[in-house]
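Along the sequence shown, residues carry numbers from 1. All heavy atoms count here, side chains included; hydrogens, waters and symmetry mates do not.
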Amino acid sequence: MKSPVFIDRLTFEIDKPQNGLLKAVLKDEKGSICSALETEADTNQLTFIWNGLNDLPYGVYTLEVSRGGDETKARLIKRI
């Protein structure tokens, strides 16, 4: 994760690049999915930018990123 704080977009990196579908979801503190991202990634892609998050209310979120059998979670803060 580039930063645990975001405003209108998230930038995150993965450590093992590979071809395939990358899925990411942002959940609020209650566990509800607020936004989801699915994208095809190639073997050279390490960095992902998730735009369009400006309409989310400020607060604490959990980012869950999955790719194949691997899943990573991170706690984030949305600022205005």
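Residues Val60 and Glu29 come closest through the heavy atom pair O-CG, 3.4 Å. Nearest approach of Val25 to Ala36, heavy atoms of both residues: CG1-CB, 4.0 Å. Nearest heavy atom pair, residue Trp50 against residue Leu63, reads CZ3-CD1, 3.7 Å. Smallest separation of non-hydrogen atoms from Gln45 and Asp42: N-OD1, 3.0 Å. For the pair Arg9 and Asn51, the tightest heavy-atom approach, listed with the atom from each and the gap, is CD-OD1, 3.3 Å. Listed here is the closest heavy atom pair of Lys78 and Pro57: CG-O, 3.4 Å.
Apart from Ile49 itself, the hydrophobic cluster it occupies contains nothing, where clustering links Ile, Leu, Val, Met, Phe, Trp and Tyr at side-chain heavy-atom distances under 4.5 Å.
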Discussion item. Go through it in stages, so that I can follow the logic: the residues are Glu40 and Leu21, the test is side chain to side chain contact (heavy atoms under 4.5 Å, CB included), and I'd like the CA-CA distance, side-chain angles, deciding distance and then a yes or no.
Written reply: CA-CA 5 Å; Glu40 283 293 327; Leu21 185 65; 3.8 Å; yes
Practice prompt. For the pair Leu26 and Leu10, evaluate side chain to side chain contact (heavy atoms under 4.5 Å, CB included) and give the outcome as yes or no after the intermediate values.
Written response: CA-CA 10 Å; Leu26 268 177; Leu10 279 174; 4.1 Å; yes
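A distance of 4.5 Å separates CZ of Phe48 from CG of Leu22, quoted to the nearest 0.5 Å. Distance CG/Leu53 to CD1/Ile7: 11.5 Å, rounded to 0.5 Å.
Residue pairs meeting the side chain to side chain donor-acceptor pair (under 3.5 Å) criterion with at least one member in residues 54-66, sequence neighbours excluded: Lys27-Glu64.
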